Structures are given as C-alpha cells and as structure tokens.
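Along the sequence shown, residues are numbered consecutively beginning with 1. In each ligand, atom 1 is the first atom listed, and ligand 1 is the first ligand listed. Predicted model only: the values in this text are computed from it and were never measured.
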Amino acid sequence: MSDKKRYALVGTGSRAGMFVDAVTASYAESAELVAFCDISQVRMNWYNAQLVERGCAPLPTYPASQFDQMIQETHPDMIIVSTVDSTHHLYIIRAMELGCDVISEKPMTTNLDALKAIYDTIERTGKHLRVTFNYRYAPAYTHLRKLILEGIVGRPLAVDFSWMLDTSHGADYFRRWHREKENSGGLLVHKATHHFDLVNWWIDSYPQDVFAMGNLLFYGRKNAEARGEHYPYERYTGVEAAKGDPFALSLEDKAVYKGLYLNAEAETLAILSPQDACQSVGCHW
Ligand SMILES: NC(=O)c1ccc[n+]([C@@H]2O[C@H](COP(=O)([O-])OP(=O)(O)OC[C@H]3O[C@@H](n4cnc5c(N)ncnc54)[C@H](O)[C@@H]3O)[C@@H](O)[C@H]2O)c1
C-alpha cells in the first residue's frame, strides 16, 4: 500500500464531484480515492465513467447496506460523507467506530440527538471529524475575518446579517429532498448553517443561547397561489409549458443532471425517503 491518504466517499450526488476532483486530480500526489458508496448504482457508475474518461481506474462500488464491508475491504483512512443531511450522522458515527476519520458535508447533522451521538462517538473513538464550511474560503469572507481579527474595523459589538436568495438559487432549496425538514432540517439548518458558521468564525465567537423564528412565505405552491401564480405541471423536465418559468430546472439541461438524476430516476423514485432507503438496504445503525 502506498503512503497516500486513502479516502472513500459515501453519497455520490452532485456535491461529491468537488471531492472526487480534489482527491483524484488536485491532490492526487498525496491522496487516493478507493471506493464509492450510495443507494444509487447509477450515480456511482456515473462517477466511475468520469474517472475512466480522465484515464483513472474505476473504483469498487458498494450499496449503503455494504458500508462496513467497503471499509473492511478498501481500508480507507478517511470517509467523505456527502449524502442527504439527515443521514450524515449514520455514516459519521459508523466510520469512526470502524477506525476512520471523517470529512462531512455541512450541516453536521439535522437534530440534537444525532449531534450528541456524534460527539459521544468522537469522545469514545478519539477519531476526528471535519465539517466542510467551504464559504470560509471565499476570498472576500476570508479577508473579512482577517480585517476583524486585526482590529482594522474595530471591535464588533453586534452583528446584523441578512442573506438574499435569488429566485433561481433559492428554488434549489425547495426542489428535491432539501425542501422536507425531515431530510434537511429546514432552511435554517440546511442553508443557514453556512451563515451561522461564517458569523461565528468572523468574530471568533461561539453562541451561548440560540433562538429562531421563521416562516415559509415565498416558496411552495400555497404561497405561489396566494400571489396569483399557477403552475399546473408536476415537474419541469420535458414539459413545454414550464419553459420560461423562473423556478424551472430541466434535468435535460446539463449532462451532470442527466447522468446523476434523470438517468437514476427509475432507480430512486421507488425510494420514499433517505431514511427508508437506509432501512430498505439494511443499514443496521
Ligand atoms: N458546502 C456546500 O456549499 C454544499 C453545496 C451543496 C450541497 N452540500 C451538501 O452536500 C450533501 C449532498 O448534497 P447534493 O446536492 O450532492 O445532494 P444529491 O441529492 O445530489 O446527493 C445526495 C446523494 O446521497 C445519496 N443518498 C441518499 N440517501 C442515502 C443513504 N441513506 N445512504 C447512502 N447514500 C444516500 C443519494 O443517492 C445521492 O447520490 C448535502 O449534505 C448537502 O447539504 C453542501
């Protein structure tokens, strides 16, 4: 075995692409990707096809029920978790129990019990977890922290932070699994986790008490109808009437959408939710 750090990735959706490229291209001198795991064979195959196109060997693929087997057979040092948010803790915890460190996509998890279980596991196993708050590395945001820490803008006494979502990007959060709280924890967890992280990081602070209020007043059928907008179609892809709809996204527009989503529909539409998926494939955690 080489002395490169070995990574296995669970959750081969669109976000996985960033990690696949980083490990197999940008940092290939020191890192090696050794396996894929997902509930979708189509998506794992798509990533393997990308690797082969770039002259790399395809990787072994494992359904979710064989996560343990993947670790036992491919000996990763590090597991990258880029599954649906509400399933992160399952893989974070199990990977650590099996001796791996973990890099997880944000949010770390979506509920308090899972959060406590993760911290217990870190303590019990001594393993390391990193949650990828990539916004910190946007040059303007990195610079803002520097300006604050160097005292150039003075000592922040209070922070008033707003984040505007435009129609197109905002709609991303209401299209698929993201829109259901049971999968994503809701927008304040799924999306705002970045922003809470940024503010804490900028001013070098941790919150002591937190409360939140919110309401869904723009996205969703009910809100659209209250504004007098009507969308008679159930989906956008292949629907002529949806062309020109500012919320529309067609899975035929990009090769990556087609490869990861449209072509996987037959396989994944039968799955009710990621939790059901996990149970149906026999996850035992
Ligand atoms: N840091 C960022 O800026 C950023 C941006 C986009 C997404 N994300 C995060 O990345 C993660 C993935 O998002 P995405 O946009 O790639 O979603 P996606 O739907 O494209 O991919 C999720 C993948 O997880 C798989 N999956 C679902 N349930 C599973 C289970 N029980 N076991 C194993 N695999 C399962 C799906 O088949 C799919 O391939 C999410 O946690 C999301 O919050 C982070």
Which option out of D85, D38, T193, I39 puts a heavy atom nearest to atom 41 (O) of ligand 1? D85
Heavy-atom closest pair (A8 atom, V34 atom, distance to 0.1 Å) is CB-CG2, 4.1 Å
For V84, atoms of ligand 1 separated by under 4.0 Å from a heavy atom: 24 (O), 27 (C)
Under 4.0 Å from a heavy atom of S14: which atoms of ligand 1 are those, numbered in the order shown and with their elements? 14 (P), 15 (O), 16 (O), 20 (O)
With respect to atom 17 (O) of ligand 1, which of W177, Y47, Y62, F19 exhibits the smallest heavy-atom separation? W177
Between W177 and H190, does the ring centroid distance fall short of 6.0 Å? yes
May I ask you to check whether R176 has an N/O atom sitting below 3.5 Å from an N/O atom of ligand 1? yes
S40 to ligand 1: N or O pair under 3.5 Å? no
For ligand 1, the portion of H194 having any non-hydrogen atom under 4.0 Å away: side chain
Please check if atom CZ in R155 has more than 12 non-hydrogen atoms from other residues, nucleotides or ligands closer than 6.0 Å. no
What closest approach, in Å, do Y219 and T167 show between heavy atoms, and which atom pair accounts for it? OH-O, 4.0 Å
CG of N263 to CH2 of W46, rounded to nearest 0.5 Å, is 10.5 Å
For Y261, the atoms of ligand 1 under 4.0 Å from one of its heavy atoms are 18 (P), 20 (O)
Given F133, F36, Y91, which has its nearest heavy atom closest to atom 33 (C) of ligand 1? Y91
Show me the side-chain donor-acceptor pairs of residues 139-152 shorter than 3.5 Å, one per line, residues at least two apart or across chains.
{"unit_1": "T142", "atom_1": "OG1", "unit_2": "R136", "atom_2": "O", "d": "2.6"}
{"unit_1": "T142", "atom_1": "OG1", "unit_2": "A138", "atom_2": "O", "d": "3.2"}
{"unit_1": "R145", "atom_1": "NH1", "unit_2": "W201", "atom_2": "O", "d": "2.7"}

Cationic N near anionic O, under 4.0 Å, R94 to E97: yes
A cation-pi test, strictly: NZ or CZ of R175 under 6.0 Å from the centre of the six-membered ring of F247 and no more than 45 degrees from its axis. Yes or no? no
Y135: heavy atom below 4.0 Å from ligand 1, yes or no? no
Grab the two heavy atoms, one from L9 and one from V20, that are nearest each other, plus how far apart they are. CD1-CG2, 4.3 Å
For F67, state whether at least one heavy atom is located under 4.0 Å from any atom of ligand 1. no
Who pairs with K191 by side chain to side chain donor-acceptor pair (under 3.5 Å), at least two apart in sequence or on another chain? Y135, Y173
Looking only at non-hydrogen atoms, which of T12, V189, T83 approaches atom 34 (N) of ligand 1 most closely? T83
Region of R15 that comes within reach of ligand 1 [heavy atoms, distance under 4.0 Å]: both
Numbered atoms and elements of ligand 1 in range of T87, under 4.0 angstrom, heavy atoms: 31 (N)
State whether the shortest distance between N or O atoms of P107 and N or O atoms of ligand 1 falls below 3.5 angstrom. no
